[in-house]
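One structure below.
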Amino acid sequence: MKQTWWKERVFYQIYPRSFMDANGDGIGDLRGIIEKLDYLKSLGIGAIWLCPVYDSPNDDNGYDIRDYGKIMAEFGTMADFDALLEGLHTRDIKLVMDLVVNHSSDEHAWFKASRKSKLNPYRDYYIWRDGKDGSTPNNWASFFSPSAWKKDETTGQYYLHLFSEKQPDLNWENPALRQEVYAMVNRWFDKGVDGFRMDVINCIAKDEGLPDGTGAPNAAGYSLAFERFANRPKLYDYLRELKANCYAGRDCLCLGETPFTTPEEGAKLLDDETGIFDMIFPFDLMEIDDGPYGKYDPVPWKLSRFKQIVNIWQSATEHGWGSLFWSNHDQSRAVSRFGCTDTEELRVRSAKMLAVAMHLLRGTPFVYQGEELGMTNTAFPDESAIRDIEGINALNEARITGRTESVWRGILHKGRDHARTPMQWSAEQHAGFTTGEPWIMANPNYPAINAAADENDADSVLNFYRKLIQLRNTDKTLQYGSYRTLWTEHEQIFAYERTQDGETYTIVCNMSGKTAEMPTIPDGTVVLCNMPDCAGMTMQPYEARVYKR
Ligand code: ISL
Ligand code: CA
């Protein structure tokens with residue numbers, strides 16, 4: 001197994017809009033991140049995944065890029081970016097950028113030219129089709145609104161947008177478009193960035209002829225036709241070409257966000273010899289609590305299914321490498337979703353337990369900002385507090401189907417805005433995130449849950465994360481050792497072993513809110529646990545122990 005930096009370091013994901021506002025306009029910015037570099041270093045993380053900071057009209061908070069070569073004005077300037085990159089590298093922290101090239105903004109110069117006429121040289125940078133029988137060219141649904149097609153009056157043709165209308169899909173079949181993308185990627189590499197997390201990158205290759213999807217239609221009759229665009233054969237050609245043009249000769253990370261990916265497909269995408277990605281973000285765990293109506297119809301998650309997902313992906317990544325995460329900017333807060341927030345004591349304990357359970361698996365752990373404080377979901381008072389386009393569109397659609405109450409409950413549990421409330425730095429107004437009015441409300445629990453408070457408490461979630469990350473940073477067995485599941489049938493305890501060169505760690509987590517009995521006490525000594533006293537066969541609710549022998 002090849003040893004590299006991105007397998008050995010813990011990553012930290014920053015959503016810049018919500019991380020730290022340095023100039024008081026209520027929007028997080030690059031200077032804000034720079035102010036917090038020592039905080040990041042003190043966590044022990046070795047790499048950052050930075051969500052998009054490029055020029056954007058923010059229909060989808062930066063995932064709709066207007067100019068790939070420019071920094072978003074609200075976030076700062078290119079000089080600020082250079083200072084950030086230097087500040088990170090001085091501290092030996094790598095920077096992985098977000099790259100959104102499945103689509104651009106409709107305000108991108110390419111699209112503005114493309115929509116002008118059928119003969120415009122940029123026409124083919126996007127996917128244009130005639131309507132069929134007075135309706136859309138096919139039955140594809142968008143992730144954010146009923147149909148993936150929007151009719152453009154200028155030429156009377158429709159353009160494809162798998163996400164919002166302001167996010168037209170780029171046409172990867174066009175070699176000129178591909179060359180522009182590679183040149184742009186190389187400009188960022190030449191600046192010194194250490195890799196890319198590529199947004200919905202496994203959806204760039206659409207089946208020829210754009211055939212109708214076969215899946216169940218949404219209320220408006222459209223189908224999320226992932227079988228027509230996710231992990232299609234041409235994806236491999238495009239990624240190999242991208243890598244040959246951009247990655248060759250560089251020690252940079254190629255990380256793909258890959259919805260609709262089965263473990264079998266994942267193994268192929270990641271294979272050390274024949275694959276195209278260093279790591280991917282699959283979705284099985286994030287969909288564990290989807291109900292019959294999907295994401296905003298949550299059902300309780302099951303430990304048996306959790307273990308199945310972990311075990312399947314641990315083996316799917318045996319000849320490659322896995323990513324380990326409980327949440328990101330599209331998900332609600334881990335402790336509210338997978339842990340317990342009934343009491344302050346259980347919030348702290350379960351946040352630590354979740355960290356242990358995830359970080360010591362084989363793969364690279366990703367900490368989403370605020371997770372290291374055990375930040376929770378927000379009780380948004382009503383719809384007017386919601387900022388996320390996905391949530392707003394889901395509510396609009398629910399009004400048509402008569403499911404508003406249910407979707408609202410879904411948003412309170414799983415909405416993307418839970419991840420996007422301001423990072424809770426201190427007990428000062430708006431959690432110390434801004435001196436102005438934040439673009440999205442702060443979670444009212446910030447006077448109790450914040451980094452300053454955690455800093456001064458030896459038993460805080462923050463200080464536990466520091467210990468855990470330090471342990472993994474310095475231990476080859478935890479980084480590279482093999483994985484073995486333990487007590488797979490146990491209904492409360494999640495347990496596994498990591499072994500290398502005669503050294504074994506046993507990780508034991510009670511993922512339930514009740515006391516649990518271990519079948520046997522693992523050999524070795526406890527090197528980390530989340531309780532004052534971790535001994536005996538009985539585990540307290542959400543107790544976690546790490547044994548070493
Ligand atoms: O959030 C989701 C479900 O929980 C997904 O539908 C999500 O939209 C999908 O995973 C793709 O996400 C990425 O691309 C989107 C952007 O809105 C997300 O923030 C990004 O992570 C479009 O660029
Ligand atoms: Ca600002």
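Computed from heavy atoms alone, side chains included, the values below leave out hydrogens, waters and symmetry copies.
Interatomic distance, CH2 of Trp313 versus CG of Asp284, reported as 6.0 Å (0.5 Å rounding). The CG atom of Leu253 lies 11.0 Å from the CZ atom of Phe277; values are rounded to the nearest 0.5 Å. Taking CG from Asp454 and CG from Leu462, the interatomic distance works out to 5.0 Å, rounded to the nearest 0.5 Å. One finds the CG atom of Asp388 at 10.5 Å from the NE2 atom of His418 (value rounded to the nearest 0.5 Å). To the nearest 0.5 Å, atoms CD (Gln167) and OG (Ser56) are separated by 8.5 Å. Atom-to-atom distance recorded for Ile507:CD1 and Arg545:CZ is 13.5 Å, nearest 0.5 angstrom.
Under a 3.5 Å cut-off, the side chain of Gln479 and the backbone N or O of Asn473 do form a donor-acceptor pair. Using modelled atom types, no side-chain atom of Arg197 and backbone atom of Val96 make a donor-acceptor pair closer than 3.5 Å.
Arg549 has a carboxylate O that lies under 4.0 Å from a charged side-chain N of Glu497, or vice versa, which qualifies the two as a salt bridge. Taking the charged nitrogens against the carboxylate oxygens, Asp60 and Arg416 do have a contact shorter than 4.0 Å, which makes a salt bridge. Under the 4.0 Å criterion applied to side-chain N and carboxylate O atoms, Lys548 and Asp523 are not assigned as salt-bridge partners. Ion pairing between a basic and an acidic side chain is recognised when a charged N comes within 4.0 Å of a carboxylate O; Asp501 and Lys476 show no such pairing. The pair Lys2-Asp278 does not meet the salt-bridge criterion, since no charged nitrogen lies less than 4.0 angstrom from a carboxylate oxygen.
Side-chain contact between Glu371 and Ser327: present, with at least one pair of heavy atoms (C-beta onward) separated by less than 4.5 Å. Two residues are said to be in side-chain contact when any heavy atoms from C-beta on lie closer than 4.5 Å; Leu162 and His103 fail this criterion. The shortest distance between side-chain heavy atoms of Val508 and Pro522 falls below 4.5 Å. Contact check for Phe325 versus Gln13: no side-chain heavy atoms found under the 4.5 Å cut-off. With a 4.5 Å cut-off on side-chain heavy atoms, Thr504 and Tyr547 do not count as touching. Counting heavy atoms from C-beta outward, Tyr15 and Asn61 have side chains that approach closer than 4.5 Å. Side-chain atoms of Ile280 and Thr317, non-hydrogen and from C-beta on, never get closer than 4.5 Å to each other. Looking at heavy atoms from C-beta onward, Leu239 lies in side-chain contact with Ile204 at the 4.5 angstrom threshold.
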Could you walk me through whether Tyr542 and Lys352 satisfy the side-chain contact (heavy atoms from CB on, under 4.5 Å) test, starting with their C-alpha distance in whole Å, then the side-chain angles of each, then the deciding distance to 0.1 Å, before giving a yes or no?
CA-CA 9 Å; Tyr542 305 108; Lys352 295 174 181 174; over 6 Å; no
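Between Leu99 and the choices Val193, Asp199, Ile65, Val185, the side chain to side chain contact (heavy atoms under 4.5 Å, CB included) rule is met once, by Val185. When each of Phe281, Phe196, Tyr368 is paired with Trp49, the ring-ring contact (aromatic ring centres under 6.0 Å, His included) condition holds for Phe281 and for no other. Of the candidates Phe163, Tyr63, Phe226, Phe163 is the only one forming a ring-ring contact (aromatic ring centres under 6.0 Å, His included) with Phe143. Considering Phe464, Tyr465, Trp326, Tyr505 as possible partners of His359, the one that fulfils the ring-ring contact (aromatic ring centres under 6.0 Å, His included) test is Tyr465.
The cationic group of Lys234 does not satisfy the cation-pi geometry with Trp172, failing either the under 6.0 Å distance to the six-membered ring centre or the 45° limit from the ring axis.
Ring centroid separation for the pair His161 and Phe144 does not come in under the 6.0 Å cut-off. Between Phe366 and Trp6, a ring centre-to-centre spacing not shorter than 6.0 Å is recorded.
Side-chain contact of Thr261 with Asn231: a donor-acceptor pair under 3.5 Å is present, judged by distance alone.
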